[in-house]
Amino acid sequence: DTEVTQTPKHLVMGMTNKKSLKCEQHMGHRAMYWYKQKAKKPPELMFVYSYEKLSINESVPSRFSPECPNSSLLNLHLHALQPEDSALYLCASSQDTGTQREKLFFGSGTQLSVL
Amino acid sequence: AQSVTQLGSHVSVSEGALVLLRCNYSSSVPPYLFWYVQYPNQGLQLLLKYTSAATLVKGINGFEAEFKKSETSFHLTKPSAHMSDAAEYFCAVSEAIQGAQKLVFGQGTRLTINP
């Protein structure tokens with residue numbers, strides 16, 4: 001199994017809603033990532049978890065709250081989002097994260113629309 | 001900080017023609033470079049990576065890239081384009097931040113294949 005599974009594939013939410021994005025991998029990878037991709041733009045790193053601990057937070061607003069309950073699962077909790085947060089949210093995983101040479105495996109993403 | 005620049009946001013070639021997608025990097029240390037491909041409504045998939053073992057790197061789907069330090073380039077090529085190659089291509093450089101890996105992507109090049 002070389003897949004990273006993201007759910008839901010599409011999400012529409014209001015600015016007062018609370019929702020969560022889910023990401024799962026069963027490759028035994030110890031690093032997991034959240035990227036944000038606006039339309040016609042490259043992905044931008046949001047968070048990195050290494051061995052279930054938060055390693056990188058790229059100054060992401062607190063309305064985005066990541067969680068890594070175990071080595072296979074990564075969540076992104078959303079609260080009080082703004083319309084400009086509408087984007088494709090990509091999850092990725094890699095065997096490790098310390099060598100800079102790691103291949104990242106990406107999920108298909110969650111297309112988020114904030115109304 | 002390390003960065004990559006992709007020359008040409010859109011490249012169009014005929015089926016069977018040579019594909020050349022350009023990427024130049026900026027790095028004060030030997031870089032780790034990657035090419036990823038993104039098909040419509042999907043996540044990113046690794047095509048190939050340079051980790052200093054060899055300057056000519058072969059990847060999946062017939063793609064290859066050559067690392068040229070003198071030109072600070074890592075251009076992606078394929079001898080004969082296929083319709084299925086139509087996609088968005090991202091060059092990326094890997095940075096180490098707080099012991100974790102951060103991929104910094106170029107702006108992307110959209111490849112169109114004409115029949």
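Lettering of chains follows the sequences in order, A, B, ..., and the numbering in each one begins at 1.
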Checking heavy atoms, do the side chain of B:Q38, its backbone, both or neither come under 4.5 Å from chain A?
side chain
A:N70 atom CG: more than 12 heavy-atom contacts under 6.0 Å
yes
A:F47 ring center within less than 6.0 Å of A:F64 ring center:
no
How are the rings of B:F90 and B:F105 set relative to one another: parallel (under 30°), tilted (30 to 60°) or perpendicular (over 60°)?
perpendicular
Is the shortest side-chain heavy-atom distance between A:W34 and A:C91 below 4.5 Å?
yes
By a 4.5 Å heavy-atom criterion (distance strictly below it), what part of B:K49 contacts chain A: side chain, backbone, both, or neither?
side chain
Pair B:Y25 + B:Y50: ring centers closer than 6.0 Å
no
If we define contacts as heavy-atom pairs under 4.5 Å, which of A:E58, A:Q111, A:Q6, A:K9 has the most with chain B?
A:E58
Contacting moiety of A:S55, where chain B heavy atoms sit under 4.5 Å
both
Worked verdict on A:S65 versus A:H79 for side-chain hydrogen bond (donor to acceptor under 3.5 Å, both in side chains):
CA-CA 8 Å; A:S65 177; A:H79 174 55; over 6 Å; no
Heavy-atom pairs under 4.5 Å with chain A: which of B:V93, B:T51, B:L46, B:L44 has the most?
B:L44
Top contributor to chain B contacts, counting heavy-atom pairs under 4.5 Å, from A:S50, A:S94, A:P43, A:G107:
A:P43
Option that, when pairs with chain B are counted at under 4.5 Å, heavy atom only, ranks first among A:D96, A:L88, A:L104:
A:L104
Name the region of B:Y39, side chain, backbone, both or neither, that has any atom closer than 4.5 Å to a heavy atom of chain A.
neither
Which portion of B:L33 sits near chain A, non-hydrogen atoms under 4.5 angstrom
neither
Can you find a pair of side-chain heavy atoms, one from A:L74 and one from A:L76, that are under 4.5 Å apart?
no
Looking at A:R101, A:K40, A:Q37, which makes the most heavy-atom pairs under 4.5 Å with chain B?
A:R101
